[in-house]
Structure formats: structure tokens, C-alpha cells
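Working notes, structure below.
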There are 2 protein chains.
Amino acid sequence: MKVLSQTSKYGIRALLYMVSHPSGSEYMSIGEIAREIDLSFHFLTKIFRELTAKGILYSYRGPSGGIALAKPASEIMLVDIVFALEGKDYFDQCLLGLPGCGHAKPCPVHDFWKDVKHDIRVHLSGTSLQHLSEKIVSEEVRLLL
Amino acid sequence: MKVLSQTSKYGIRALLYMVSHPSGSEYMSIGEIAREIDLSFHFLTKIFRELTAKGILYSYRGPSGGIALAKPASEIMLVDIVFALEGKDYFDQCLLGLPGCGHAKPCPVHDFWKDVKHDIRVHLSGTSLQHLSEKIVSEEVRLLL
DNA sequence: CATTATTCAGACAATTTTATCCGAAATAAA
DNA sequence: TTTATTTCGGATAAAATTGTCTGAATAATG
Ligand code: SF4
Ligand code: SF4
């Protein structure tokens with residue numbers, strides 16, 4: 001059951017680390033984040049470039065450069081990250097994948113599937129990085145091993 | 001959002017077609033099913049071999065051979081098909097994919113994710129091929145284009 | 001027995017996803 | 001101005017998923 005791609009999982013984890021471990025300086029380097037959450041620096045760089053292109057991050061090159069949130073953490077919702085990394089058609093996928101759906105009658109699992117998708121959408125839309133970060137900082141939950 | 005692999009989607013659609021379009025004879029040929037639901041005969045054959053190996057189908061070779069349900073349609077639940085085709089660890093996947101999870105504290109989205117997985121599990125466990133087939137036969141919903 | 005229809009088994013190819021790597025561009029600091 | 005640090009861009013590779021194909025095994029039928 002792959003609700004999120006590796007790319008999205010890494011992206012969310014990396015952003016949560018950023019928000020939960022503020023560096024003091026304006027920008028945080030990708031290398032440091034990759035080291036801390038233990039994933040490939042180059043892969044994370046690729047993910048962050050996409051998030052920068054989509055307006056979720058700012059970036060700045062050179063020494064003491066790095067990346068920073070383009071908006072307050074309270075205004076970045078999980079759904080924004082997912083849309084940026086998985087595409088805006090993220091919720092258009094189907095459980096059975098009938099050809100030409102949306103036009104004719106629904107398939108036998110549509111009602112159920114619709115509800116599941118709705119639940120996920122509501123939750124991803126209502127949860128901000130700030131919200132999750134607070135849980136991490138208070139050590140209510142964990143992000144690292 | 002890929003909740004089911006193509007393999008599972010095809011498998012479920014094919015089984016639903018079988019149940020909703022009984023052939024009169026004991027076995028139904030894979031070729032006919034593949035033609036009716038418009039997918040590759042060879043791919044469907046591979047899927048059905050797996051379902052046969054997992055005890056969900058019987059098979060019989062030769063002319064007038066084919067496949068048949070190993071149990072009444074009312075006793076084959078969606079979850080059985082998913083477990084057979086996606087593996088028994090289907091519900092063990094994580095939203096964030098933290099390393100070494102299940103041991104230490106949960107991640108910040110665990111509560112939500114647990115609920116979503118539970119909903120899906122309950123539904124897949126409670127829905128039989130018979131149940132869905134009735135909806136199809138009564139033309140309440142569609143399976144084909 | 002020969003022919004035909006069917007599943008079985010697995011090799012192979014195409015596509016997508018995931019991951020690695022290298023060099024260029026920008027920029028701060030020495 | 002030189003050097004070190006960092007993101008940017010994209011090539012390449014590895015792995016997983018999806019799809020195609022060929023031949024063998026099995027069994028009914030003429
Ligand atoms: S009816 Fe709904 S769940 Fe079923 S294939 Fe169409 S959009 Fe997807
Ligand atoms: S805490 Fe729960 S949702 Fe989060 S990674 Fe672990 S098992 Fe998955």
C-alpha cells in the first residue's frame with residue numbers, strides 16, 4: 001500500500017526536520033539535513049530543487065547558503081508538499097482504475113474509495129508543518145531513529 | 001496515490017467479471033475474461049497463476065478447461081485477493097516510512113495513518129466478491145466501460 | 001493418434017521509480 | 001582574486017513494476 005512515494009516521504013521528513021531543528025541562521029544546508037535524517041544528499045537535493053521550483057522553499061547558493069521555508073511553517077500544509085511532489089492529480093487515482101471513469105456509473109467500490117480519499121484529503125489539508133513540528137519538539141512523537 | 005498495484009486492480013476486476021458473468025460450464029477460460037475486460041491475456045494469466053497457487057482459484061488445462069473459484073464467491077473477501085497479490089505485509093507499510101518503526105515512539109502522523117489503514121482493512125475484510133457482484137448484476141454500478 | 005485448446009513456467013523487454021554521480025554556476029569568505 | 005561552499009542541472013545507473021512473448025505440459029475431441 002503505497003500512499004506516498006519515497007520522494008514524498010523523504011520530502012516531508014526533511015521539511016519536518018528543518019522546522020523542528022531551527023538553525024539560527026536564515027538558511028539551512030541540504031547536506032546537514034541529509035546527514036541528520038540519514039538519506040542521500042544528492043537525492044534530497046533533487047527533491048528540494050523541486051520544492052523550490054514549486055514555491056515551497058527559497059534557496060540561496062554559496063557558503064552559508066542553503067534552503068529556507070518560503071512561508072511560515074503554519075501555512076505549509078502536507079497537501080501542498082504532496083501536490084508539489086506527486087502532482088496535482090494525486091487524488092484522481094482510482095482503486096480499480098476503470099477505463100474512462102468519472103463519466104459513466106461508478107465501479108462497485110467507489111463509495112468506499114471516495115470516503116477514504118476524502119478523509120486523507122481533509123487530513124493532509126488540515127495539517128501544517130507547524131502542527132507536526134510541535135509534536136516532535138515536545139517529544140510526543142519521533143522523527144529520527 | 002497507489003493503494004493497489006496494477007496487478008491487484010486487474011486481478012479484482014477479472015474476478016468480479018467471472019462472478020458477475022457465470023459461464024454455465026464449470027471452468028471459464030482466461031482468454032475470454034481478458035478479452036471482455038480488455039487487458040493482456042498473458043498478463044492476466046500470470047496473475048491467475050498466482051491466485052491459483054494461493055488457493056483462491058482452481059485451474060484445469062486443456063480444451064474446455066480454464067479457471068474457477070476455489071470457494072463460493074461469498075467467502076472470498078477483497079482482502080484475500082490483496083494479500084495474495086500484494087503480500088501479507090500489505091498493511092505494514094508506513095506513511096512516512098521511518099526506519100525501525102513499530103519499536104520506539106510513533107511518528108507524527110501515526111494516529112491518522114493507523115485510522116486510515118484500519119478503515120481500509122475493515123472494508124476489504126468485510127466485502128466479498130458476492131457482495132460486489134450483486135451490485136454489478138443489478139446494474140447499480142459498472143465494471144466494464 | 002493427431003489436432004486443438006488451454007494453463008504453466010519462465011525468459012525477455014519496456015517503463016517507472018529510486019538512487020548515484022559529475023560538473024557548472026553562484027556566492028561568501030579568506 | 002582565489003578558494004571553499006553550496007545549490008543547480010542533468011546524465012547515468014540500479015531496482016522495481018508492468019507488460020510481452022515463446023515454448024512446454026495437459027487434456028479433450030475427432
Ligand atoms: S468508480 Fe470511483 S473508485 Fe471506481 S474506478 Fe471510477 S473513480 Fe475509481
Ligand atoms: S509511527 Fe506509524 S505511521 Fe509513522 S512510520 Fe511508524 S508505523 Fe508508520
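Throughout, a chain's letter reflects where its sequence line sits, starting with A, and its residues are numbered from 1.
Residues of residues 14-25 of chain B that place a heavy atom closer than 4.0 Å to DNA chain C do not occur. Proximity of residues 30-43 of chain B to DNA chain C (heavy atom under 4.0 angstrom from any strand atom) is restricted to B:Ile30, B:Phe41.
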With 3.5 Å as the limit, what N/O pairs link the protein to nucleotides 28-30 of chain C?
unit_1	atom_1	unit_2	atom_2	d
C:dA28	OP1	A:Tyr60	OH	2.5

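Residue B:Ile67 contributes atom CD1, which lies 15 Å from atom C1' of C:dA5 at whole-angstrom precision. In this structure, B:Arg49 atom CZ and D:dA24 atom C1' are separated by 12 Å, rounded to whole Å. Across the protein-nucleic acid pair, A:Ile47 atom CD1 and D:dT7 atom C1' stand 15 Å apart, rounded to whole Å. To the nearest angstrom, P of C:dT16 lies 13 Å from CD of A:Gln93. Computed from coordinates, the B:Glu50 CD to C:dA9 P distance equals 11 Å when rounded to whole Å. Atom CZ in A:Arg13 sits roughly 14 Å away from atom P in C:dT18 (whole-Å rounding). When rounded to the nearest whole Å, the span between CG of A:Leu4 and P of C:dT17 equals 14 Å. To the nearest angstrom, C1' of D:dC8 lies 14 Å from CG of A:Leu44.
Within the 3.5 Å criterion, the main-chain N or O of A:Met1 finds no donor-acceptor partner in the side chain of B:Lys2. Within the 3.5 Å criterion, the main-chain N or O of A:Lys135 finds a donor-acceptor partner in the side chain of A:Ser138.
Listed by first and then second residue, the salt bridge (Lys or Arg N to Asp or Glu O under 4.0 Å) pairs involving residues 40-59 of chain B are B:Glu50-B:Lys54 (not counting sequence neighbours). Pairs engaging residues 82-91 of chain A under the side chain to side chain donor-acceptor pair (under 3.5 Å) rule: A:Ser5-A:Glu86, A:Ser8-A:Glu86 [sequence neighbours left out]. Within the structure, side chain to side chain donor-acceptor pair (under 3.5 Å) contacts touching residues 57-71 of chain B (residues at least two apart or in different chains) do not occur. Under the ring pair (Phe, Tyr, Trp, His ring centres under 6.0 Å) criterion, the residue pairs touching residues 31-52 of chain A are A:Tyr10-A:Phe43, with sequence neighbours excluded.
Within 3.5 Å, no donor on the side chain of A:Lys9 pairs with an acceptor on the base of C:dT18, nor the reverse. Evaluation of atom-type donor-acceptor distances gives a pair under 3.5 Å for the side chain of A:Lys46 against the base of C:dT20.
Considering only side-chain N and O atoms, A:Thr7 lies nowhere under 4.0 angstrom from the phosphate OP1 or OP2 of C:dT17. Under 4.0 angstrom from either OP1 or OP2 of D:dG19 there lies at least one side-chain N or O belonging to B:Tyr10. Here A:Lys2 reaches the OP1 or OP2 of C:dT18: one of its side-chain N or O atoms lies under 4.0 Å away.
Under a 4.5 Å side-chain heavy-atom criterion applied to ILVMFWY residues, the cluster that includes B:Val137 comprises that residue alone.
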For residues 106-121 of chain A, which side-chain N or O atoms pair as donor and acceptor with protein atoms under 3.5 Å away, sequence neighbours left out?
unit_1	atom_1	unit_2	atom_2	d
A:Trp113	NE1	A:Gln93	O	3.1
A:Lys117	NZ	A:Phe91	O	2.8
A:Lys117	NZ	A:Gln93	O	3.2

Donor-acceptor list for residues 23-39 of chain B side chains, cut-off 3.5 Å, not counting sequence neighbours:
unit_1	atom_1	unit_2	atom_2	d
B:Ser23	OG	B:Ser25	N	3.4
B:Ser23	OG	B:Ser25	O	3.1
B:Ser23	OG	B:Ser25	OG	3.2
B:Ser25	OG	B:Tyr27	O	3.3
B:Ser29	OG	B:Glu32	N	3.1

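Residues A:Leu78 and A:Leu132 are in side-chain contact: their nearest non-hydrogen atoms beyond the backbone lie under 4.5 Å apart. Looking only at side-chain heavy atoms (C-beta outward), A:Arg13 and B:Leu98 come within less than 4.5 Å of each other.
In this structure, of D:dG19, D:dC8, C:dT7, it is C:dT7 that holds the atom nearest to the side chain of B:Ser59.
The side chain to side chain contact (heavy atoms under 4.5 Å, CB included) search around A:Pro72 returns A:Ser74, A:Glu75, not counting sequence neighbours.
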